[in-house]
Amino acid sequence: MLAAGLASSIVLALCADVMAADAPGEPPRVHARRQTQPSASAEFNSAAIVRNAARPGDSLIVGTAALGGLEVYDLSGKRLGSTPAGEVASVDVAHDIAIGNRKATVLAGIDTTDNSLRLCSFSGTKLTEVGARPLPLGFAGEGVCLFQSPLDGALNAFIVGDGGEVDQQILFATAQGKLDARQVRRISLPSTLKQCVADASGHVYASEEAVGIWRFNADPEADTGATVVDAPRLGQISEETGGLALYEGGAGSRWLIASDTSAGRLHLYDRDNDDAYLGTFTVGASGADEAIGEPGPLFASAGALGRDFPHGALLVTDEDGANYKAVAMHDVAAALKLPLVAATTTAPAKRVAAVTATVETVPAGSYGDAADDPAIWANPTDPARSLVIATDKKAGLYLYDMQGKVVQFLPDGKMNNVDLREDFALGGDKVVLVTASNRTDKSIAIYRLDTVARRLVNVADGVQPTGLGDPYGLCMYRSKVSGDTYVFINGDDTRKRQWRLVDAGNGKVRAQHVRDMTFDSQTEGCVADDETGALYVNEEDVALWRMSAEADGGNDKTAVDRVDANPAVKDDLEGIGMYDLGGGRGYLVVSSQGNDTYAVYRREGKQEYLGSFAVVADPERGIDGISETDGLEVSSRNLGPGFEHGAMIAQDGRNVMPVENQNYKYVPWAAIAAALGLEVRKD
């Protein structure tokens, strides 16, 4: 708890002149309007502003005081008290975080006594530890920054370290009303990192002391996207960089501020213009002739903080003055002759519906881009013993159970896509027929699923060539007109080919080519509707098409949706599956790979777009979200406990929490239906 106590004197004063008369060629100097008292321990490192939205003038400053723990100041610089917190090196703050049934202001700090992450909540001027357990880092932490995902509101902590670590942890509330954490991923750089900051648009910036400023994607389900913002000898930084801050003004005033430590300067960058350099300034204390010699860690707040800080403030750690200087942001804008747009208070954009997976498979055995496409067999007599057939496009086929465990692996070649149909007549029996596109020998791989032994058995009548240079997209179809079973495969050109699958008379299956279709560009994902005779094909950069699945169906096609017509979908359009409600009703689900979401369309009628959802992390279960999905399958059949109304099973292109080879995630359809107001099949 925070100990009560007031300082006996105030060392801050309002400055009338905010810019000193600098020497020609020198950057303008901005004088701090306030500065905190020195810490009780005479040591300090990092500070943050805890904003009081109802009474901005009553906002607080929380600063580190080494072994003195955390100290709290008001905006005039008075030290209001301190709380033990080990030896904290860095702090950051996030507001309105859900912990149980309440919203809290969360303060994260790095305790260097045991290199752990400490979490506190704020109530008034009181700090209370809310960490569910000790949260060791396993490395020497230097800085921490908090990021709230715009997708689902999940709170993430980035910790940067002395050894170049960028460690991302997702924070989540426990049933006991505490905060726990789980590592999501780690990015490694070669040398010491000093501070990081994360913005609402999904970027995290980190200062590598002797190298420069990096920008990464904060979303672990996205590419890392490492980009150098500035570096010595290449930009504005003279030798070493340290502190970073983000100013979240309105459009045109969203800035990155960085300390050029060895030169005693601060640089400003335009985040609305790919972090373009805007200008340089120095900071001085009130009435001081000299600028801060080595500005340390920074923190910025854009909201109004009373009369002195109508557009927010920048906190600068003054390693010589042993305190924190508070600079008015309107003074910075005036010094650099930049327009200052007030921070907007508009409501945040509507979030995409978010669901979580409840099961994930054992990772594929191959490294890199390996897992690709699943198919689902629903066991009609014992749904819990249903199976998932899935591809490793570098090695073969997996058979998984409904708990994600491997039942069988067949190293039969580079299998890309897979599908199945039940009740195929083979040798007088009705079998579950499975086909896959084999890129090793450019063939159609054909198997019988032995549902008793739970094994795939090769029943291809020798190699069944596709005639395609690189076959990968595949789906199957059972015609109500003829009763025949077909397989469609496309390759790396613009053709999609169709074969009839027939009993070869020797317990084997042969493929007979019946039709070619053409598209203007690359296709892959497809699904056939056995009830209506429609074939749906994703032309990756163009559209979701509907055409006839019959062998004599020709090449005519109708667009269900186009990439350039629906801002909710972003190419590539990849996997596609169908949820069958019966009677020709249901839904089509399409992987919108470019924004890691899944678009849902009505199966019947005008097939209108009904909405999109994303699959996000469940840190309590330890299952990450799904991203960069190639293949997916949807079933409305009972698949056992937790999947009584079916499921979507999708390939996860980035398997994190922790980082492992790609795998497949199982999402209950009931959760998707609840998120988007859809129906579930109940029979």
Chemist: Taking all non-hydrogen atoms of both residues, which atom of His95 and which atom of Gln148 are closest, and how far apart?
Modeler: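 That closest heavy-atom pairing would be O-OE1, 4.2 Å.
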Chemist: Can you tell me how far the CG atom of Leu75 sits from the CZ atom of Arg33, to the nearest 0.5 Å?
Modeler: 13.5 Å
Chemist: Can you sort out the partners of Phe643 under ring pair (Phe, Tyr, Trp, His ring centres under 6.0 Å), two or more places apart, ordered by chain and number?
Modeler: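 Result, ring pair (Phe, Tyr, Trp, His ring centres under 6.0 Å) vs Phe643: none returned.
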Chemist: Between Phe216 and Trp214, what is the ring plane arrangement, given parallel below 30°, perpendicular above 60°, and tilted in between?
Modeler: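 Parallel, since the angle between the ring planes stays under 30°.
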Chemist: Which pairs of donor and acceptor atoms, one on a side chain in residues 219-229, lie under 3.5 Å apart (sequence neighbours left out)?
Modeler:
unit_1	atom_1	unit_2	atom_2	d
Asp219	OD1	Glu221	N	2.9
Glu221	OE1	Ser627	OG	2.6
Glu221	OE2	Gly625	N	3.0
Asp223	OD1	Arg654	NE	3.3
Asp223	OD1	Arg654	NH2	2.7
Asp223	OD2	Arg654	NH2	3.3
Thr227	OG1	Gly225	O	3.2

Chemist: Under the rule for salt bridge (Lys or Arg N to Asp or Glu O under 4.0 Å), what residues qualify as partners of Asp618, not counting sequence neighbours?
Modeler: Arg621
Chemist: Disulfide bond (SG atoms under 2.5 Å apart): which pairs involve residues 34-82, sequence neighbours left out?
Modeler: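 Applying disulfide bond (SG atoms under 2.5 Å apart) to every pair that reaches into residues 34-82, excluding sequence neighbours, yields nothing.
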Chemist: Counting C-beta onward and ignoring hydrogens, is there a side-chain heavy-atom pair between Pro136 and Asp114 closer than 4.5 Å?
Modeler: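 Result no, sub-4.5 Å side-chain heavy-atom pair not found.
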Chemist: Name all pairs fulfilling the ring pair (Phe, Tyr, Trp, His ring centres under 6.0 Å) condition that reach into residues 49-87, sequence neighbours left out, sorted by first residue then second.
Modeler: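 Residue pairs passing ring pair (Phe, Tyr, Trp, His ring centres under 6.0 Å), neighbours aside: none found.
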Chemist: How close do Pro619 and Phe172 get, heavy atom to heavy atom, and via which atoms?
Modeler: CB-CD2, 3.3 Å
Chemist: Give every residue pair that meets the salt bridge (Lys or Arg N to Asp or Glu O under 4.0 Å) criterion with at least one member in residues 92-107, sequence neighbours excluded.
Modeler: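 Salt bridge (Lys or Arg N to Asp or Glu O under 4.0 Å) check on residues 92-107 returns no pairs.
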Chemist: For the pair Thr282 (side chain) and Arg265 (backbone), establish whether a donor and an acceptor sit closer than 3.5 Å, ignoring hydrogens and angles.
Modeler: no
Chemist: Determine yes or no for a side-chain-to-main-chain donor-acceptor pair under 3.5 angstrom, with Asp652 supplying the side chain and Lys665 the backbone.
Modeler: no
Chemist: Which atoms form the tightest heavy-atom contact between Tyr666 and Asp401, and what is the distance?
Modeler: OH-O, 2.9 Å
Chemist: Excluding sequence neighbours, so at least two apart, what forms ring pair (Phe, Tyr, Trp, His ring centres under 6.0 Å) with Tyr598?
Modeler: Phe613
Chemist: Using modelled atom types and a 3.5 Å cut-off, is there a donor and acceptor pairing between side-chain atoms of Thr261 and backbone atoms of Gly242?
Modeler: yes
Chemist: Indicate every side-chain donor-acceptor pair of residues 156-169 with a distance under 3.5 Å to a residue at least two apart or in another chain.
Modeler:
unit_1	atom_1	unit_2	atom_2	d
Asn156	OD1	Gln168	NE2	3.1
Asn156	ND2	Ala154	O	3.4
Asp162	OD1	Thr192	OG1	3.4
Glu165	OE1	Gly163	N	3.0
Asp167	OD1	Gln183	NE2	2.6
Asp167	OD1	Arg186	NE	3.0
Asp167	OD1	Arg186	NH2	3.2
Asp167	OD2	Gln169	NE2	3.0
Gln168	OE1	Arg185	NE	2.6
Gln168	OE1	Arg185	NH2	3.2
Gln168	NE2	Ala218	O	3.0

Chemist: Could you check whether any side-chain heavy atom of Leu298 comes within less than 4.5 Å of a side-chain heavy atom of Leu314, counting everything from C-beta outward?
Modeler: yes
Chemist: Is there side-chain contact between Ile110 and Leu117, with at least one heavy-atom pair below 4.5 Å?
Modeler: yes
Chemist: What's the spacing between Asp369 CG and Asn661 CG if we round to 0.5 Å?
Modeler: 11.0 Å
Chemist: Just how far is it from atom CG of Asn323 to atom CD of Glu71, taken to the nearest 0.5 Å?
Modeler: 11.5 Å
Chemist: Going from CG on Leu146 to CD1 on Ile97, what distance comes out if it is rounded to the nearest 0.5 angstrom?
Modeler: 7.5 Å
Chemist: Any disulfide bond (SG atoms under 2.5 Å apart) involving residues 77-133? Give me the pairs, sequence neighbours left out, ordered by first then second residue.
Modeler: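 Checked against disulfide bond (SG atoms under 2.5 Å apart) - neighbours excluded - no pair reaches residues 77-133.
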Chemist: Salt-bridge test for Asp274 and Arg215: reply yes if a basic N is under 4.0 Å from a carboxylate O, no otherwise.
Modeler: yes
Chemist: For the residue pair Gln662 and Ala370, what are the closest heavy atoms and their distance?
Modeler: OE1-N, 2.9 Å
Chemist: I'd like to know if the side chain of Ser116 and the backbone of Leu135 have a donor-acceptor N/O pair within less than 3.5 Å.
Modeler: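 No.
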Chemist: Would you please name every residue forming a disulfide bond (SG atoms under 2.5 Å apart) with Cys145, sequence neighbours left out?
Modeler: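 Checked Cys145 against disulfide bond (SG atoms under 2.5 Å apart); matches are Cys196.
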Chemist: Side chains of Val197 and Phe299, heavy atoms from C-beta outward: is any pair under 4.5 Å?
Modeler: no
Chemist: To the nearest 0.5 Å, tell me how far Trp255 CH2 sits from Asn273 CG.
Modeler: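 One finds 14.0 Å between CH2 of Trp255 and CG of Asn273.
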Chemist: Report yes if some heavy atom in the side chain of Val93 is under 4.5 Å from a heavy atom in the side chain of Phe122; otherwise report no.
Modeler: no
Chemist: Glu239: which residues meet the side-chain contact (heavy atoms from CB on, under 4.5 Å) condition with it, sequence neighbours left out?
Modeler: Ser262
Chemist: Would you say the side-chain atoms of Arg118 pair up with the backbone N or O of Ala85, donor to acceptor, closer than 3.5 Å?
Modeler: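 Checked: pair present.
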Chemist: Please report the interatomic distance OG1(Thr241) to CG(Asp260), rounded to the nearest 0.5 Å.
Modeler: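 Atom-to-atom, Thr241:OG1 and Asp260:CG are 6.5 Å apart.
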Chemist: Could you work out, with ring pair (Phe, Tyr, Trp, His ring centres under 6.0 Å) as the rule, every residue matching Phe44, not counting sequence neighbours?
Modeler: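 Residues passing ring pair (Phe, Tyr, Trp, His ring centres under 6.0 Å) with Phe44: Tyr324.
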